[in-house]
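Step one of this worksheet: look at the structure below.
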Amino acid sequence: MRNNKNDIFSRNHLIERIWGYNAEVDDRTVDSHIRNLREKLRNNGFAVDSMLITVYGVGYKWLG
């Protein structure tokens, strides 16, 4: 298993990995799911803001 810690994942990469290559999913869908994930983690006491970082113009990075 590969450790993806500190890798930056583009929205397109996440769409392809989650929904598949032929998915017709808007890249803002990823933003919406990230926002919901952050909210759920915050509500459960997890310090997500220091772990899941938005890399503006690129995608997302997990610092875990």
Side-chain angles (χ1 to χ4, degrees):
M1 179 177 223
R2 184 176 185 282
N3 181 351
N4 295 318
K5 180 179 165 183
N6 294 320
D7 288 353
I8 299 172
F9 294 98
S10 70
R11 288 173 182 87
N12 286 336
H13 174 82
L14 294 171
I15 288 170
E16 289 174 2
R17 295 288 296 179
I18 296 167
W19 288 281
Y21 291 103
N22 297 323
E24 293 186 22
V25 177
D26 185 84
D27 58 352
R28 291 299 173 192
T29 300
V30 174
D31 298 337
S32 177
H33 283 285
I34 293 289
R35 183 177 55 251
N36 292 338
L37 177 62
R38 284 179 172 148
E39 182 179 345
K40 288 179 183 197
L41 290 170
R42 274 188 214 112
N43 288 342
N44 284 286
F46 188 79
V48 69
D49 296 312
S50 63
M51 301 296 282
L52 181 56
I53 306 299
T54 300
V55 180
Y56 292 98
V58 180
Y60 297 95
K61 179 177 184 177
W62 181 260
L63 298 176

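Side chains included, hydrogens not; waters and symmetry mates left out as well; all remaining heavy atoms used. Here the structure is a predicted model, which is why all the values come from computation and not from measurement.
Two different hydrophobic clusters hold Ile53 and Val30 under the rule that ILVMFWY side chains link at heavy-atom gaps under 4.5 Å. Residues Val55 and Trp62 do not share a hydrophobic cluster, defined by chaining ILVMFWY side chains whose heavy atoms lie under 4.5 Å apart. Put simply, Val58 and Phe9 are part of two different groups of oily side chains (I, L, V, M, F, W, Y) that touch within less than 4.5 Å, one to the next.
With Glu39 as the fixed residue, the side-chain contact (heavy atoms from CB on, under 4.5 Å) test singles out one of Leu37, Asn43, Leu41: Asn43.
Looking at Met51 and Phe46, their side chains come closer than 4.5 Å, going by heavy atoms from C-beta outward. With contacts defined as side-chain heavy-atom distances shorter than 4.5 Å, the pair Trp19/Glu24 does not qualify.
Here Tyr60 contributes atom OH and Ile34 contributes atom CD1; the two are 5.5 Å apart, rounded to the nearest 0.5 Å. Within the model, atoms CG of Asn36 and CG of Asp31 stand 11.0 Å from one another, a figure rounded to the nearest 0.5 Å. Here the straight-line distance linking atom CD1 of Ile15 with atom NE2 of His33 works out to 9.5 Å at 0.5 Å rounding. Taking CG of Asp49 as the start and OG1 of Thr54 as the end, the distance is 9.5 Å to the nearest 0.5 Å.
Checked by atom type and distance alone, the side chain of Arg38 pairs as donor or acceptor with a backbone atom of Leu52 at under 3.5 Å. Side-chain atoms of Asp26 come within 3.5 Å of backbone N or O of Arg28 as a donor-acceptor pair.
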